[in-house]
Amino acid sequence: MKNTMCSTMMTNSKGFLRKYFLEGQKLEEKQKAALETLPDDAPFLTKLLVRHRRLVGILLPLIFFETLWWAQAIRHDYFSYFPDRYLLTITMIFGASVAGMTSEGGGAVAFPVMTLALNIKPAVARDFSLMIQSCGMTAAAFTIFWMQIKLEKHSLVFCSSGAAAGMIFGLEVVDSLLSPPQKKLGFVCIWFSFAFALFLLNREHKRKTFDQIPQFGAWQAVALLAVGFMGGIFSAIAGSGVDICSFSVLSLLFRVSEKVSTPTSIVLMAINTCIGFYWRAMMTDTGVEEDAWGYLIVCVPVVVIFAPLGSIISSHFHRQVLAALVYLLDTIALVTAFVVIPLTLELGILSGCLLLGGFVIFFLMSKAGQRLLLLHDEKNNNRSEDFPETQEKQEKQETQEVV
């Protein structure tokens, strides 16, 4: 009896792990075909580039960044920075892994830890987040492109365009209007609202998702531009935002699978942190905060390892595992903020309004996504009745995931 129970438990555990943590990657069709047709007698270099792309995808950015860092470290004695800043180095091991695994960039971990736990000025934390993500997220983005993991390309184009304008507007106008406590609470409250809305959405059983925005047109492009602009403003304030904004609109409104929207958000953040870093360093009167450079020095060698590694690991996870990581991170950040920041009446009202307003916005976005899905299905059903061959061809091109 005990042996039977143990065997059943082992079987169920294996099935659980296989479903949620070993689901497999969503690759481009070209890469799938290359893997399936690779001959056994292929040259060593061909096998390496096709069968072991993930290893090469991690090693190439790793070697590039580590070579540059160690050359500078030996020449300028970067090792002397570590005794006073090693806590952030340890933090960014986790932060970089999260950045590569979820829609929340390393800044989503660095900003609350630096401002809430280490009591570092939000301006320093913001600058550091932009700077470190320009290394870590770029390394992760390279790995994603190299692995040919599926991306939502419309979002890359239009969200990036809007985010570039939003980043500049946020740095030049909005940032100076907010106090440090407002920045800290605003960051955690808005994204906790999104996490809660995503949780409610994922309670829907048999939820249909897409690999691309279905029937992309002009209004979808405008929506992505607007979301990118807002995300750019958030990134200008807290060092992270366009990734979560993109992820939210793709997941809630357009019903794109988390397995596609997550790597898309990583690439988006890589592009826009480089823009933000450049603008802060070269186009503003004050430039980058001086303390941020020291933090950057001690964190670069770890983030360029763990960000690409996180992106590879997460590409095998079930979409609900990725969503669960978002719930956990945003909840921890919110609770920590309320414990650490002394709440005045003004800040309490602000937090409540942001939580309620954010939840309403994301909830309405989710409902609009349901409506769009119904309209999409109705249109496809009508088309299938009139043109069955066209419908069959479209179903092959448009992958849909049902969980």
Side-chain angles (χ1 to χ4, degrees), residues 25-26 95-111 129-130 132-134 136-145 147 149-164 166-167 187 190-191 194-195 197-198 201 209-213 223-235 238-276 307-308 310-315 317 319-327 329-330 362 365:
Q25 297 172 313
K26 277 188 178 291
S97 301
V98 168
M101 293 175 69
T102 71
S103 60
E104 306 209 350
V109 174
F111 187 83
S129 296
L130 291 174
I132 197 64
Q133 288 176 124
S134 69
M137 298 293 266
T138 301
F142 175 87
T143 303
I144 289 168
F145 279 120
M147 284 293 300
I149 293 170
K150 277 193 174 180
L151 301 171
E152 214 302 310
K153 296 180 176 61
H154 299 108
S155 180
L156 289 180
V157 174
F158 292 101
C159 275
S160 283
S161 302
M167 179 78 75
F187 181 84
I190 290 173
W191 301 129
F194 163 67
L198 184 63
L201 179 66
T209 59
F210 303 89
D211 287 346
Q212 301 291 327
I213 296 175
L224 291 177
L225 281 169
V227 167
F229 184 80
M230 289 302 300
I233 294 175
F234 286 128
S235 296
S240 180
V242 66
D243 46 356
I244 315 176
C245 283
S246 165
F247 182 84
S248 65
V249 75
L250 289 178
S251 299
L252 299 178
L253 182 60
F254 297 124
R255 300 306 173 99
V256 174
S257 170
E258 287 91 332
K259 285 179 70 66
V260 176
S261 55
T262 296
T264 301
S265 69
I266 292 170
V267 175
L268 270 172
M269 201 63 215
I271 296 169
N272 289 280
T273 49
C274 292
I275 295 172
S311 67
I312 290 293
I313 294 171
S314 68
S315 66
F317 286 179
R319 64 176 183 81
Q320 292 200 9
V321 175
L322 301 176
L325 289 172
V326 174
Y327 312 152
L329 289 171
D330 288 335
F362 290 126
M365 193 183 295

Next item on the list: Hey, could you give me the CG/CG distance between L252 and L250, rounded to the nearest 0.5 Å?
Entry: 9.5 Å
Margin query: On a heavy-atom basis, which atom in D330 and which in A195 lie closest, and how many Å separate them?
Written below: OD2-CB, 3.4 Å
Margin query: Contact between L225 and S161 at the side-chain level, heavy atoms closer than 4.5 Å - yes or no?
Written below: yes
Next item on the list: With sequence neighbours left out, write down each residue that passes side chain to side chain donor-acceptor pair (under 3.5 Å) with S246, or none if nothing qualifies.
Entry: S155
Item checked: Inter-residue atom distance K150.NZ - T264.OG1, 0.5 Å rounding -> 11.5 Å
Note to self: If I take atom CD1 from residue I271 and atom CD1 from residue I266, how far apart are they, to the nearest 0.5 angstrom?
What the structure shows: 12.5 Å
Item checked: Closest non-hydrogen atom pair, Q212 against K153 -> OE1-N, 3.8 Å
Item checked: Partner set under side chain to side chain contact (heavy atoms under 4.5 Å, CB included) for V249, not counting sequence neighbours -> L224, V227, L253, F254, M365
Notebook entry, point to check: Is it true that a side-chain atom of S265 and a backbone atom of T262 form a donor plus acceptor pair closer than 3.5 Å?
Noted result: yes
Notebook entry, point to check: Just how far is it from atom CD of E152 to atom CZ of F158, taken to the nearest 0.5 Å?
Noted result: 10.0 Å
Notebook entry, point to check: In Å, rounded to the nearest 0.5 Å, how long is the span from OG of S251 to CD1 of I244?
Noted result: 12.0 Å
Margin query: Using side-chain heavy atoms (C-beta onward) and a distance below 4.5 Å, is S248 in contact with F362?
Written below: yes
Check: What are the two closest heavy atoms between A270 and C274, and how far apart are they?
Finding: O-SG, 3.3 Å
Item checked: Close side-chain approach of L268 and S160, heavy atoms under 4.5 Å -> yes
Next item on the list: In sequence, state the C-alpha distance, the side-chain angles, and the governing distance for F234 and V242, and then conclude on side chain to side chain contact (heavy atoms under 4.5 Å, CB included).
Entry: CA-CA 7 Å; F234 286 128; V242 66; over 6 Å; no
Checklist line | Rounded distance (nearest 0.5 Å) linking atom OG of S235 with atom CD1 of I275 | finding: 10.0 Å
Next item on the list: State, yes or no, whether a side-chain contact exists between V260 and F210 at a heavy-atom distance under 4.5 Å.
Entry: no
Notebook entry, point to check: Hey, does the side chain of Q133 reach the backbone of T138 with a donor-acceptor pair shorter than 3.5 angstrom?
Noted result: no
